[in-house]
Student: 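Right, I'll just put the structure down here and ask away after.
Values below: every heavy atom of this structure, side chains too, minus hydrogens, waters and symmetry copies.
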Amino acid sequence: MSRECSTRLRSATREKLRKFNSLRAGEVQPGKFWDVVVLTAVDEKQREAYELQIREKVHRKELPVGVQYKVLSDPPGSKIGNGGSTLYALQQLKDIYGKNLCRLRVILIHAGGFSQRLPSASALGKIFMAVPLGDPLYQMLELKLALYVDFPSQMKPGVLVTCADDIELYSTAEPESVKFDKPGFTALAHPSPLSIGTTHGVFVFDSKEKSSQSEMENTSCLRFLHKPSVDKMRDSGAVCERLSGCFVLSDSEFVYTDSTYYVDFDTAMSLLNLLKELGPLDCEVDAYGDFLQALGPNAMIDYTSNTVNVTKQESSLVEIRQKIFHHLKGTPLNVILLNNSKFYHIGTTSEYLFHLTEDVMLQSELGLLSSAFSVHMKANSGCCVMCSVLDPSVSVGAGSVVEYSRLGAGASVGVASIVSSCWIPAGLSVPDGVFMHSLCVNHKQKTGFVTVVFGINDDLKRCVDSPGLMEDLKLFGVSVAKCVSRWGLENEALRFSGDASSCSLWSACLFPLCSDQQSSFSLTLEMLQAALSGSTFTLPKDTKLMSMQEALQCKHLEQMMEFRTGLYEDITQRKPNN
């Protein structure tokens with residue numbers, strides 16, 4: 001049964017892509033597509049970056065026209081999480097559209113944040129990550145819109161809430177379709193192994209209700225659990241037994257996990273009243289854990305005091321969660337079970353590499369390419385190259401991704417590495433298992449370039465309390481203190497940007513600022529080679545060193561876009577039909 005289900009999933013996915021491709025650059029008819037596409041941004045600088053990229057996409061006819069594209073930023077101050085972003089985005093939409101909002105079909109894509117687990121997306125955003133698909137090349141934004149292309153016509157006015165770094169594939173049997181037409185919340189649910197349930201939201205249903213085990217079922221949910229233990233899933237009755245029907249999943253026991261959800265217009269207005277009740281937010285609110293756990297007849301308030309999964313606990317968090325619970329309790333939670341579906345997360349360097357270079361199932365389902373919109377890349381080499389210009393003599397190792405880059409004659413990239421927005425001079429070699437990414441910065445009114453390098457498995461978020469503890473931070477598996485000594489620097493000379501009591505690889509000022517992109521790459525590569533080999537290397541005198549955090553704060557967005565535009569034009573001119 002599994003092979004037939006996989007075939008149906010692949011066919012349904014290809015049909016969605018075909019449908020979206022027919023809409024790209026065309027004027028969409030009312031009711032056939034989203035009225036408003038909203039991206040959230042963490043601050044004003046990120047909002048400007050996103051707006052610039054959307055304008056470029058519309059200009060190049062990569063997106064449907066006749067649609068309103070809006071970027072809405074979080075208010076300055078505390079981090080408010082994707083739940084806070086949802087509330088403030090709704091407020092801004094009400095301010096923009098007024099009474100007309102009650103007639104609109106809106107998709108709200110959470111795209112804010114600095115992508116510390118996939119730094120190639122930090123400067124320009126995860127929603128603008130390249131996907132090896134389509135001509136012109138897809139980014140995550142186009143892929144999300146393609147996979148949801150059937151939703152707007154089956155949806156009453158309201159808001160579909162989703163994230164920028166996941167992919168959901170599904171099929172339904174004729175003449176079924178996913179409909180968002182009920183009051184309250186309506187969530188999509190995917191059969192998943194119990195291990196996946198521990199890191200996601202899990203739905204609990206009435207065990208007395210008989211499942212049809214068809215490709216799609218509509219049901220109501222008793223309760224929602226957020227990142228529960230396996231024991232909690234069992235005790236709550238969330239664990240299901242596989243009987244028959246069209247399931248890609250072969251596990252005999254499974255749970256239904258969350259992804260995207262819809263709120264009808266009246267519920268969206270209720271959420272706006274909730275924002276008034278909460279007042280200015282000073283803590284992170286989760287659009288899944290804090291909203292959905294309040295729903296369903298068996299919802300219990302005890303989760304509001306459980307702060308295990310909170311990155312930074314503010315004193316107001318429990319009180320705010322309790323207010324959310326009491327405000328939303330009794331709101332319906334409808335669930336659409338997508339039994340023949342897949343959920344893919346692409347939020348970390350290891351996930352990114354695996355899905356783009358090794359995951360044969362995803363490659364088959366989406367039709368992903370090993371070389372997409374690039375010049376002189378030999379196909380089928382087990383790597384992935386996107387929007388890049390490579391000399392014919394270049395080699396790229398299996399399991400590696402190269403995006404938005406230029407590689408000179410004889411250059412090479414090792415195995416399982418990421419090269420992003422780099423200009424690699426002739427003859428240089430990127431080692432195995434590293435991430436290299438060049439950023440253009442504006443420092444003291446001058447344009448410069450910084451190339452950052454990390455090990456693929458380095459933890460950029462791990463913090464120590466002071467620079468004196470840098471021995472505990474590992475860069476390519478080597479302590480930062482050792483790296484610093486190999487580069488001829490004194491430990492005391494290493495600066496950390498931002499909060500001095502929170503030192504991490506993200507804030508470590510390790511990377512040289514150079515006047516041009518190629519010398520920036522070369523100098524950082526020399527530092528990397530010294531750190532890996534144990535040899536010593538001396539930086540040129542008076543070299544300014546920056547952190548990833550600092551480079552982002554002074555990024556020169558227009559120049560980075562100009563580099564990508566140059567690649568786009570170069571590749572377009574060299575295409576065979578030109």
Side-chain angles (χ1 to χ4, degrees), residues 16 19-20 22-41 47 50-51 54-55 57-58 62-75 82-112 127 140-164 168 177-188 259-276 287 291 328 331-334 336:
K16 292 181 184 82
K19 195 180 285 190
F20 179 73
S22 71
L23 297 176
R24 287 179 100 179
E27 185 88 31
V28 292
Q29 298 303 309
K32 297 295 183 188
F33 199 65
W34 303 102
D35 299 309
V36 189
V37 175
V38 176
L39 305 184
T40 63
R47 181 184 64 77
Y50 289 2
E51 285 180 341
I54 285 175
R55 281 199 298 274
K57 282 180 170 297
V58 172
E62 295 173 1
L63 290 170
V65 291
V67 178
Q68 299 210 40
Y69 297 96
K70 299 287 182 188
V71 185
L72 306 176
S73 70
D74 293 346
N82 53 16
S85 291
T86 301
L87 297 176
Y88 278 102
L90 289 172
Q91 181 62 66
Q92 291 175 76
L93 287 171
K94 187 75 168 66
D95 293 343
I96 295 166
Y97 295 105
K99 290 179 180 174
N100 289 329
L101 188 57
C102 69
R103 295 197 291 271
L104 301 178
R105 293 161 182 84
V106 179
I107 181 169
L108 173 63
I109 306 175
H110 285 297
I127 195 64
M140 279 298 288
L141 176 56
E142 288 90 322
L143 184 57
K144 297 290 285 191
L145 295 176
L147 296 177
Y148 301 158
V149 72
D150 294 329
F151 290 171
S153 63
Q154 303 293 325
M155 172 176 157
K156 284 187 172 177
V159 182
L160 188 83
V161 178
T162 187
C163 294
E168 298 99 4
S177 60
V178 173
K179 285 186 167 63
F180 298 108
D181 56 2
K182 293 185 173 69
F185 286 70
T186 301
L188 302 182
S259 63
T260 291
Y261 65 77
Y262 157 84
V263 289
D264 72 316
F265 175 75
D266 288 342
T267 307
M269 292 305 97
S270 172
L271 287 171
L272 271 187
N273 290 333
L274 170 63
L275 181 59
K276 285 180 195 161
F291 290 173
L328 291 178
T331 305
L333 176 54
N334 312 292
I336 300 171

Student: Could you give the distance from OG (Ser270) to CG (Leu275), rounded to the nearest 0.5 Å?
Tutor: 11.5 Å

Student: Got a second to check how far Thr186's OG1 is from Asp181's CG, nearest 0.5 Å?
Tutor: 7.5 Å

Student: Taking all heavy atoms of Val65 and all of Ala25, pick out the closest pair and write down the distance.
Tutor: CG2-O, 4.1 Å

Student: CD1/Ile127 to NZ/Lys144 distance, rounded to the nearest 0.5 angstrom?
Tutor: 6.5 Å

Student: Do the side chain of Gln92 and the main chain of Ser73 share a donor and acceptor less than 3.5 angstrom apart?
Tutor: yes

Student: Measure the shortest side-chain to side-chain distance between Ser85 and His110 over non-hydrogen atoms and say whether it is less than 4.5 angstrom.
Tutor: yes

Student: How long is the gap from CG on Asn82 to CG on Asp74, to the nearest 0.5 Å?
Tutor: 9.5 Å

Student: Would you call Tyr261 and Leu333 a side-chain contact if the rule is heavy atoms closer than 4.5 Å?
Tutor: no

Student: Working note: Phe180 + Leu188, criterion side-chain contact (heavy atoms from CB on, under 4.5 Å); need CA distance, chi angles, decisive distance, verdict.
Tutor: CA-CA 10 Å; Phe180 298 108; Leu188 302 182; 3.9 Å; yes

Student: Are Lys70 and Val36 close enough that some pair of their side-chain heavy atoms sits under 4.5 Å apart?
Tutor: yes

Student: Does anything in residues 24-34 pair up under salt bridge (charged side-chain N to carboxylate O under 4.0 Å, His left out), and if so which pairs, sequence neighbours excluded?
Tutor: Arg24-Glu142

Student: Below 4.5 Å, heavy atoms only, C-beta onward: do Leu63 and Leu145 meet side chain to side chain?
Tutor: yes

Student: Just how far is it from atom CG of Leu87 to atom CZ of Phe291, taken to the nearest 0.5 Å?
Tutor: 4.0 Å

Student: Quick one: do Glu51 and Leu39 satisfy side-chain contact (heavy atoms from CB on, under 4.5 Å)? Show the steps, please.
Tutor: CA-CA 9 Å; Glu51 285 180 341; Leu39 305 184; over 6 Å; no

Student: Taking side chain as C-beta onward, heavy atoms only, is Leu160 less than 4.5 Å from Trp34?
Tutor: yes

Student: Hey, what do you get for CD1 (Ile107) to OH (Tyr69), rounding to the nearest 0.5 Å?
Tutor: 10.5 Å

Student: Any idea which heavy atoms bring Leu108 and Val38 closest together, and the distance?
Tutor: CD1-CG1, 3.4 Å

Student: Taking Asp264 for the side chain and Gly158 for the main chain, is one N or O donor matched with an acceptor at less than 3.5 Å?
Tutor: no

Student: Does Lys276 form a side-chain contact (heavy atoms from CB on, under 4.5 Å) with Leu272? I'd like the steps, not just the answer.
Tutor: CA-CA 7 Å; Lys276 285 180 195 161; Leu272 271 187; 5.8 Å; no

Student: Could you give the side-chain donor-acceptor pairs of residues 149-156 under 3.5 Å, partners two or more places apart or in another chain?
Tutor:
from   : atom 1 : to     : atom 2 : distance (Å)
Asp150 : OD1    : Lys19  : NZ     : 2.7
Ser153 : OG     : Asp150 : O      : 3.4
Gln154 : OE1    : Ser177 : OG     : 3.4
Gln154 : OE1    : Lys179 : NZ     : 3.4

Student: For Ala89 and Thr40, which heavy atoms make the closest approach, and how far apart are they?
Tutor: CB-CG2, 4.5 Å

Student: On a heavy-atom basis, which atom in Gly184 and which in Thr331 lie closest, and how many Å separate them?
Tutor: CA-CG2, 3.9 Å

Student: For Asn334 and Pro183, indicate whether the former's side chain and the latter's backbone hold a donor-acceptor pair under 3.5 Å.
Tutor: yes

Student: Among all residues two or more places apart in sequence or in another chain, which pass the side-chain hydrogen bond (donor to acceptor under 3.5 Å, both in side chains) test with Tyr97?
Tutor: Gln68

Student: As a quick check of understanding, evaluate side-chain contact (heavy atoms from CB on, under 4.5 Å) for Ile96 and Leu72, giving each step before the final call.
Tutor: CA-CA 11 Å; Ile96 295 166; Leu72 306 176; 4.2 Å; yes

Student: Can you check whether Tyr148 reaches Phe20 side chain to side chain, under 4.5 Å on heavy atoms?
Tutor: no

